[in-house]
*Asks:* 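Provided herewith is a single structure, encoded as structure tokens, for subsequent inquiry.
Every heavy atom of this structure was used, including side-chain atoms; hydrogens, water molecules and symmetry mates were not. Residue numbers start at 1 and run along the sequence shown.
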Amino acid sequence: MQRIRLRYTKRGRLRFTSHRDFQRAFERALRRAEVPMAYSAGFTPHPKVSYANAAPTGTGSEAEYLEIALTAPRDPDKLRELLDESMPAGLDIVDAVESRTSGLADRLTASVWELRLDGVEPATAQRAAEQFTTAEKVEVQRRTKNGMRTFDAREAVVSLKTVDGGPLADDADRPSDKPCAILRLVVRHVTPAVRPDDVLSGLRAVADLAPPVPAAVTRLAQGLFDEETGTVTDPLAPDREADTAAPPTAAVPAAAKAPAPEGPR
């Protein structure tokens, strides 16, 4: 059984799709691309797809990950191309690698987020970020299925600062005469999870920062947090490194079709 790990995105309006919406779209893409999926046992078999730490509905992402199990080997790059062609624009399959190591979910220990605050001056956002990071504790509340829960949003935040522009900037979608602050946030994955909206609530609590319109939130990266450099590393890098040292898998081209049925004799 071959396992392939994929990185996908949620861009533009597709950031409003829920995780369940993505699951349905991805399973349809698997069928269209004729991927030889392995299925679970039982009365209602499901394709073996493992999702890892999906971004909240309403947030964009450049770094979502999943793993699929196949009954026949396929070339990861060709498989990625076929799946990407079968997905809606905005839900893009951008990377694929054969699983050569264990514990993908264990390598997703931190995320890098971009928070675009339309109508907020960068200097104002920077002062608020400094107040947040210098605070010992920033308590926020979130409604859960068991009612309101209070927790510290500060402890999980590694860094929070303003940046100039951004890799996802699209000035055509925003009025040029209004200010726009961009915050870059690095947050560890802890329990309870600290989400970007929790940090925004914390900024409101400690610095009275309240953007006039909802923030546009995008996950830029997700992976293992490097304590020495303070960066978030590529979680697929260990598989690529192991792949160069391992013998190649005998792969059948992903675009290969089943043989045509024989005609009448």
Side-chain angles (χ1 to χ4, degrees), residues 1-15 17-41 45-55 60-108 167-168 218-224 232-262:
M1 182 181 295
Q2 183 189 33
R3 294 184 180 275
I4 303 291
R5 289 169 175 171
L6 304 169
R7 178 167 70 91
Y8 66 95
T9 71
K10 289 173 60 182
R11 294 169 173 162
R13 294 183 178 181
L14 272 297
R15 69 184 183 276
T17 57
S18 68
H19 182 55
R20 185 167 295 180
D21 292 333
F22 175 82
Q23 286 179 308
R24 286 193 288 263
F26 185 67
E27 290 184 12
R28 286 196 294 268
L30 291 172
R31 292 192 293 270
R32 291 193 191 103
E34 299 181 9
V35 178
M37 289 296 299
Y39 281 78
S40 61
H46 296 285
K48 289 188 175 182
V49 183
S50 300
Y51 299 92
N53 196 38
S61 180
E62 293 294 306
E64 301 297 289
Y65 294 92
L66 59 82
E67 182 179 287
I68 58 177
L70 310 182
T71 57
R74 290 292 185 267
D75 178 82
D77 291 332
K78 293 180 179 178
L79 178 64
R80 185 206 66 77
E81 292 177 5
L82 282 177
L83 286 173
D84 187 49
E85 291 173 357
S86 302
M87 292 290 287
L91 298 178
D92 305 318
I93 312 297
V94 295
D95 200 0
V97 64
E98 184 171 358
S99 173
R100 296 284 189 178
T101 61
S102 60
L104 173 62
D106 295 336
R107 295 202 291 271
L108 303 180
L168 305 179
T218 302
R219 174 147 55 192
L220 302 181
Q222 181 180 192
L224 190 67
V232 176
T233 62
D234 178 9
L236 300 184
D239 294 295
R240 292 193 185 90
E241 294 170 2
D243 189 54
T244 59
T249 302
V252 177
K257 304 295 183 181
E262 296 181 1

*Asks:* Side chains of Leu70 and Met1: closer than 4.5 Å at any heavy-atom pair?
*Replies:*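 In short, these two side chains do not touch, never coming nearer than 4.5 Å.
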
*Asks:* Quick check: does any side chain N or O of Ser61 sit under 3.5 Å from a backbone N or O of Ala63, one acting as donor and the other as acceptor?
*Replies:*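 Side chain of Ser61 to backbone of Ala63: a pair is present.
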
*Asks:* With a 4.5 Å limit on heavy-atom distance, are the side chains of Arg31 and Met37 in contact?
*Replies:*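 Side chain of Arg31 against side chain of Met37, heavy atoms only: no contact under 4.5 Å found.
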
*Asks:* Quick check: does any side chain N or O of Ser99 sit under 3.5 Å from a backbone N or O of Arg5, one acting as donor and the other as acceptor?
*Replies:*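 Flag not set: sc Ser99 to bb Arg5 has no pair under 3.5 Å.
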
*Asks:* Hey, are the side chains of Met87 and Arg28 touching, using non-hydrogen atoms and a 4.5 Å cut-off?
*Replies:*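 In short, these two side chains do not touch, never coming nearer than 4.5 Å.
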
*Asks:* Is the side chain of Arg7 donor-acceptor paired with the backbone N or O of Asp95 at a distance under 3.5 Å, no angle test?
*Replies:*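 Such a contact is absent between Arg7 side chain and Asp95 backbone.
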
*Asks:* Does any non-hydrogen side-chain atom of Tyr65 lie less than 4.5 Å from one of Leu236?
*Replies:*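 Side chain of Leu236 against side chain of Tyr65, heavy atoms only: contact under 4.5 Å found.
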
*Asks:* Got a donor-acceptor contact below 3.5 angstrom from the Asp239 side chain to the Thr101 backbone?
*Replies:*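 Confirmed, Asp239 side chain pairs with Thr101 backbone.
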
*Asks:* Is it the case that the side chains of Ser50 and Arg3 hold a donor-acceptor pair, with the cut-off being a distance below 3.5 Å and no angle test?
*Replies:*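 No donor-acceptor contact under 3.5 Å links the two side chains.
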
*Asks:* Using atom types as modelled and distance alone, determine if a side-chain donor or acceptor of Asp84 lies under 3.5 Å from a backbone N or O of Asp92.
*Replies:*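 No; zero donor-acceptor contacts below 3.5 Å.
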
*Asks:* Rounded to the nearest 0.5 Å, what's the gap from OG1 on Thr9 to CZ on Arg15? Could you check?
*Replies:*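 Rounded to the nearest 0.5 Å, the OG1-CZ separation comes out at 12.5 Å.
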
*Asks:* For the pair Thr71 (side chain) and Pro36 (backbone), establish whether a donor and an acceptor sit closer than 3.5 Å, ignoring hydrogens and angles.
*Replies:*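 Checked: pair present.
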
*Asks:* If only atom types and distance count, is the side chain of Asp21 paired as donor or acceptor with the main-chain N or O of Ser18 below 3.5 Å?
*Replies:*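 Indeed, once roles are kept as given, a pair shorter than 3.5 Å links the two residues.
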
*Asks:* Parallel, tilted or perpendicular for Tyr8 and Phe22, by the 30°/60° rule?
*Replies:*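 Parallel, since the angle between the ring planes stays under 30°.
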
*Asks:* Of all residues at least two apart in sequence or in a different chain, which pass the side-chain contact (heavy atoms from CB on, under 4.5 Å) check with Ala52?
*Replies:*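 For Ala52, the residues satisfying side-chain contact (heavy atoms from CB on, under 4.5 Å) (neighbours in sequence not counted) are Leu108.
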
*Asks:* Are Lys10 and Arg219 side-chain neighbours, meaning at least one heavy-atom pair lies under 4.5 Å?
*Replies:*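 A side-chain contact under 4.5 Å is absent here.
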
*Asks:* Report yes if some heavy atom in the side chain of Pro76 is under 4.5 Å from a heavy atom in the side chain of Val97; otherwise report no.
*Replies:*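 When only atoms from C-beta onward are counted, Val97 and Pro76 do not touch, as no gap falls below 4.5 Å.
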
*Asks:* Looking at Ser86, is its backbone amide N or carbonyl O close enough to the side chain of Arg32 to form a donor-acceptor pair, meaning the two atoms are under 3.5 Å apart?
*Replies:*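 Yes; judged by distance alone, with no hydrogens or angles, the pair exists.
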
*Asks:* Hey, are the side chains of Ile4 and Arg74 touching, using non-hydrogen atoms and a 4.5 Å cut-off?
*Replies:*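 Heavy-atom side-chain distance check fails, nothing below 4.5 Å.
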
*Asks:* Quick one: does Leu79's side chain get under 4.5 Å of Gln2's, heavy atoms only?
*Replies:*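 No, side chains not in contact.
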
*Asks:* Does Arg11 form a side chain to side chain contact (heavy atoms under 4.5 Å, CB included) with Glu62? I'd like the steps, not just the answer.
*Replies:* CA-CA 8 Å; Arg11 294 169 173 162; Glu62 293 294 306; 2.8 Å; yes

